[in-house]
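Below: one structure, written as C-alpha cells.
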There are 2 protein chains.
Amino acid sequence: MFSIGQMSRQSGVKVPTIRYYEQIGLLPAPDRSAGNQRRYDQAALQQLRFIRHARQLGFHLDAIAGLIELQSLPDPSCHDARRIARAQLSEVRGRIARLQALETELDRIAEGCHGDCGPGDCVVLASVADHASCVTAHDAPPDLGDSPRGAP
Amino acid sequence: MFSIGQMSRQSGVKVPTIRYYEQIGLLPAPDRSAGNQRRYDQAALQQLRFIRHARQLGFHLDAIAGLIELQSLPDPSCHDARRIARAQLSEVRGRIARLQALETELDRIAEGCHGDCGPGDCVVLASVADHASCVTAHDAPPDLGDSPRGAP
DNA sequence: CCTTGAAGCTATAGCCACTAGAGATCCTAT
DNA sequence: ATAGGATCTCTAGTGGCTATAGCTTCAAGG
C-alpha cells in the first residue's frame, strides 16, 4: 500500500493534483488508514501513471476519462481508443499549424526593426497594431496564450 | 464616438471582453453617455485593435500591457519592444517543438493499432499507459491541454 | 409622445487544470 | 514521549475570458 506522497513520487503527479483527480472522479477514492489517510494499491498507481502520461500527451481530462472507461470495459474496443487518439493527433497538428503561422509573423515583426526606429514609428509596435501587415492568416488561434496552465 | 457594440464589431473583440479589459486596466475607462453608457473615441478603438492583434499573436495580457506602456512613452524604445517580441517568438518556438514531440508520439500510438487488437491488449491504451515506449522526450510540455480557452 | 425591442449596465458565478495557503491531525523514528 | 515531517480538509486564487440575471437606456416606428 502506498501513501499519497509515495504515489506522487512514483508517478510524478503532485500530491494536491492527486487529490484533485479524486475529487473530480478521475481516480477512484482509495481506502483509508485508521487515521483517515489515503492508502493506494498497485492498480491505483497504474491508473495514475496512465493519467499522467495522457496529460503529457495533451489529452484533456474528459478524454482521459473516456480512455479509462474504455479500459474498464470487458471487451476494450481498440476502435474507440484509436478514434480518441486520432482526434487528439489532429488537434495537436492544428495547434502546430497555427503556432507556425504565429512564428512567421513574430519573426517578421521582431526582425523588422533593427533598433534604429525614431520616436513614434517603432516597427514592432506598428506591426502589432496592424494585422493588415501580416503575411499569413494567423487569425483566431484558439490556443493563444496558454502556457503555464498546468505548469509549475 | 462609438458604443461598446460598435467597438466590438470594429475590432472583433466581444463586448464582455472589452469590459473585462477595462476592468483589469488594459483599456482606459472611457467617457459615459448621460445614461451611463460607454462612449469610445478613435484612439480607444486603435488600442483595442492593438490588443486584439497582440492576443492573436499569442502575447499574454501583461506583455500587452508592457507594449502599450511603451507606446505611451515620449520616446518609445524600439529596443524594449523588440525584446518583448523576441521573447514571445522563442516561447512560440518552444511550444511548437514540444507539440511536434507530441505529434510524433500520438502518431505512433494511433497508428500502432490497426483495429485488430484482442480484448485486454489494445496498443493505444497500452501506449498511453507506458511512457517508456515513447521515442521522444515529450516530457512536461507546460502547455498541454489548452485549446478552447479564449475560443468561442 | 409613446411604445417596443435591441443594446447597454452591474454584479456574480463558472470554465479548466491546477496551485497555494491555513490550521488541524496523523505517523514514524528516536 | 516527543519532534517534525506528512497528511488531512477547506477555501481561494490563477488566466482570459464566458454566461447568466435583472435591471436601465437608447433609437426607430407609429
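The structure displayed is predicted, hence computed values, not measured ones. Letters A, B, ... mirror the listed sequences (proteins, then strands); counts begin at 1.
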Between [X] ([atom1]) and [N] ([atom2]), how many Å, whole number?
{"X": "A:F2", "N": "D:dT7", "atom1": "CZ", "atom2": "P", "result": "13 Å"}
{"X": "B:E22", "N": "D:dC17", "atom1": "CD", "atom2": "P", "result": "15 Å"}
{"X": "A:L26", "N": "C:dA17", "atom1": "CG", "atom2": "P", "result": "10 Å"}
{"X": "B:Y21", "N": "D:dG15", "atom1": "OH", "atom2": "P", "result": "14 Å"}
{"X": "B:I64", "N": "D:dG16", "atom1": "CD1", "atom2": "P", "result": "8 Å"}
{"X": "A:D31", "N": "D:dT7", "atom1": "CG", "atom2": "P", "result": "17 Å"}
{"X": "B:I18", "N": "D:dT18", "atom1": "CD1", "atom2": "P", "result": "11 Å"}

Under 4.0 Å between a side-chain N or O of [X] and OP1 or OP2 of [N]?
{"X": "B:R19", "N": "D:dC17", "answer": "no"}
{"X": "A:R55", "N": "C:dC16", "answer": "no"}
{"X": "B:R38", "N": "C:dA7", "answer": "no"}
{"X": "B:K14", "N": "D:dT18", "answer": "yes"}
{"X": "A:H60", "N": "C:dA17", "answer": "yes"}
{"X": "A:T17", "N": "C:dA17", "answer": "no"}
{"X": "B:R32", "N": "C:dT10", "answer": "yes"}
{"X": "B:Y20", "N": "D:dG15", "answer": "no"}

Heavy-atom pair of closest approach, residues [X] and [Y]:
{"X": "A:A63", "Y": "A:I84", "value": "CB-CG2, 4.4 Å"}
{"X": "B:I64", "Y": "B:L26", "value": "CG2-CD1, 4.4 Å"}
{"X": "B:D31", "Y": "B:M1", "value": "OD2-CE, 4.4 Å"}

Problem - Carboxylate-amine/guanidinium proximity below 4.0 Å for B:R93 and A:D107 - result: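 Between A:D107 and B:R93 there is a salt bridge, with a charged N closer than 4.0 Å to a carboxylate O.
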
Nucleotides 23-28 of chain D: which of its N/O atoms have a protein N/O under 3.5 Å away?
| unit_1 | atom_1 | unit_2 | atom_2 | d |
| --- | --- | --- | --- | --- |
| D:dC26 | OP1 | B:S33 | OG | 3.0 |
| D:dC26 | OP1 | B:G35 | N | 2.9 |

Exercise for the section: Answer yes if the side chains of B:S3 and B:Q37 hold a donor-acceptor pair under 3.5 Å, and no otherwise. Expected result: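 No, because no side-chain N or O of B:S3 sits under 3.5 Å from a partner of the opposite role on B:Q37.
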
Exercise for the section: Take B:D62 and A:S3, find for each the nucleotide of DNA chain D with the closest heavy atom, and name the residue whose nucleotide sits nearer the 5' end. Expected result: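 This one resolves to A:S3.
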
Practice task
Decide yes or no for B:C134 and B:E105: does some side-chain heavy atom of the first lie under 4.5 Å from some side-chain heavy atom of the second?
Solution key: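 Yes. Closest side-chain heavy atoms under 4.5 Å.
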
Problem - Side-chain heavy atoms of B:Y21 within contact of B:L61, under 4.5 Å - result: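 The answer is yes; the side chains approach within 4.5 Å.
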
Exercise for the section: Mind checking the CZ-OG spacing from B:R108 to B:S133? Nearest 0.5 Å is all I need. Expected result: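 Interatomic distance, B:R108 CZ to B:S133 OG, rounded to 0.5 Å: 4.0 Å.
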
Handout entry: Residue from B:T104, B:V124, B:V123 passing side chain to side chain contact (heavy atoms under 4.5 Å, CB included) with B:I109
Key =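 Single side chain to side chain contact (heavy atoms under 4.5 Å, CB included) partner of B:I109 among B:T104, B:V124, B:V123: B:V124.
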
Restricting to nitrogen or oxygen on both sides, can you table the protein-nucleotides 12-14 of chain C pairs closer than 3.5 Å?
none

Practice task
Assess whether atom CD of A:E69 is packed by more than 12 heavy atoms of other residues, nucleotides or ligands within 6.0 Å.
Solution key: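 For A:E69, atom CD is not crowded (no more than 12 foreign heavy atoms under 6.0 Å).
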
